[in-house]
*Asks:* 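Structure incoming, see below.
Throughout, residue positions are numbered sequentially from 1 according to the sequence presented.
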Amino acid sequence: MVLAGFLDSIADQFFSEFTDSSVYFVMAAIGTLLFLLRVLLLMLGTGHDGDFDLDHSDGVEGHGGEFSFFSLLSILSFLMGAGWLGLACRQEWGLGSVLSALSASGFGFFLMTISSLGLYYMRRLDESGGYDVKNCIGNMGRVYLKVPAKGQGRGQIEITVDGRRKVLDAVSASTEIASFATARVVGVQEDETLIIEPAT
């Protein structure tokens, strides 16, 4: 208890000008706003299943079936949970700085874990059903990574395949296609790489 009191006094002195309650409020407000925005974008199907995942080398959240603890959604969950609980500990329950920080961190990591598990099971459900990339021939999509001119490499395109939003490898049938440009699928290679051309 002596150590806790000592740490409490140090924390109180550290937050004497910019209080820890202010920190918790900023964390909670930013975390909640961005969390709700991220969930809304996921529900609308905007972008891929997410936007980054520190456990995957391809840099896309929700790509692959492995469990990932760190993602944009889980980090926002931590900020939101830790912020609101930390604020409640200080303002409503009158707990000390150290105990509030420990409680807030614990709750934040709990919500982070829940979010990570949720994304993991969403990915598993998404991968449980097969799809045929040939079904997107003739469909329009949005270039995710720039596609070089024919024979000069490949990029990626975001497109709906059998009702699922996917980011797939793509090569150009003619000229270079810039990121975010709209393109049409004109064929599929044996390795399921899409052959695309600029939309007219």
*Asks:* Of all heavy-atom pairs between Asn139 and Thr160, which one has the smallest distance, and what is that distance?
*Replies:* ND2-O, 4.0 Å
*Asks:* Side chains of Ser100 and Trp93: any donor to acceptor distance under 3.5 Å?
*Replies:*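 No - no donor-acceptor pair under 3.5 Å links their side chains.
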*Asks:* If you define the side chain from C-beta out and look only at heavy atoms, does anything of Ile177 sit under 4.5 Å from Ile196?
*Replies:*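 Counting from C-beta outward, Ile177 and Ile196 do come under 4.5 Å.
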*Asks:* Using every non-hydrogen atom in the two residues, find where Tyr24 and Ala104 come nearest and quote the distance to one decimal.
*Replies:*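 Of all heavy-atom pairs spanning Tyr24 and Ala104, the closest is CE2-CB, 4.1 Å.
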*Asks:* Would you check if Ser174 and Pro198 make a side-chain contact, meaning some heavy-atom pair closer than 4.5 Å?
*Replies:* yes
*Asks:* Taking a hydrophobic cluster as the set of Ile, Leu, Val, Met, Phe, Trp and Tyr residues connected by side-chain heavy atoms closer than 4.5 Å, whether directly or through intermediates, do Leu33 and Leu36 fall within one such cluster?
*Replies:* no
*Asks:* Run the side-chain contact (heavy atoms from CB on, under 4.5 Å) check on Glu158 and Lys166 step by step: do they pass?
*Replies:* CA-CA 6 Å; Glu158 181 183 49; Lys166 296 290 181 182; over 6 Å; no
*Asks:* So, taking the atom named CG in Leu168 and the one named SG in Cys136, what distance separates them when rounded to the nearest 0.5 Å?
*Replies:*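 Between Leu168 CG and Cys136 SG, I get 6.5 Å after rounding to 0.5 Å.
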*Asks:* Mind checking whether Leu73 and Ile30 sit in one hydrophobic cluster, side chains of I, L, V, M, F, W, Y counted as touching below 4.5 Å?
*Replies:*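 Yes, Leu73 and Ile30 fall within the same hydrophobic cluster.
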*Asks:* Is there side-chain contact between Leu194 and Ile157, with at least one heavy-atom pair below 4.5 Å?
*Replies:*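 Result yes, sub-4.5 Å side-chain heavy-atom pair found.
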*Asks:* How close do Met112 and Ser74 get, heavy atom to heavy atom, and via which atoms?
*Replies:* CG-O, 3.3 Å
*Asks:* Establish whether Val147 and Val188 are linked, either directly or via other cluster members, by ILVMFWY side-chain heavy-atom contacts under 4.5 Å.
*Replies:* yes
*Asks:* Identify whether Val143 and Ile137 are in the same connected component of the hydrophobic contact network (ILVMFWY, side-chain heavy atoms under 4.5 Å).
*Replies:* yes
*Asks:* Same cluster or not: are Leu72 and Phe35 linked, directly or through other Ile, Leu, Val, Met, Phe, Trp or Tyr residues, by side-chain heavy atoms under 4.5 angstrom apart?
*Replies:* yes
*Asks:* Using a 4.5 Å cut-off on heavy atoms from C-beta on, say whether the side chain of Ile159 contacts that of Val185.
*Replies:* yes
*Asks:* Could you check whether any side-chain heavy atom of Arg154 comes within less than 4.5 Å of a side-chain heavy atom of Gln189, counting everything from C-beta outward?
*Replies:* yes
*Asks:* Side-chain contact, heavy-atom cut-off 4.5 Å: Leu85 with Cys89?
*Replies:*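 Counting from C-beta outward, Leu85 and Cys89 do come under 4.5 Å.
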*Asks:* Could you pull out the closest heavy-atom pair between Ala173 and Lys150, with the gap in Å?
*Replies:*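 For Ala173 versus Lys150, the nearest heavy atoms are O-CD, 3.5 Å.
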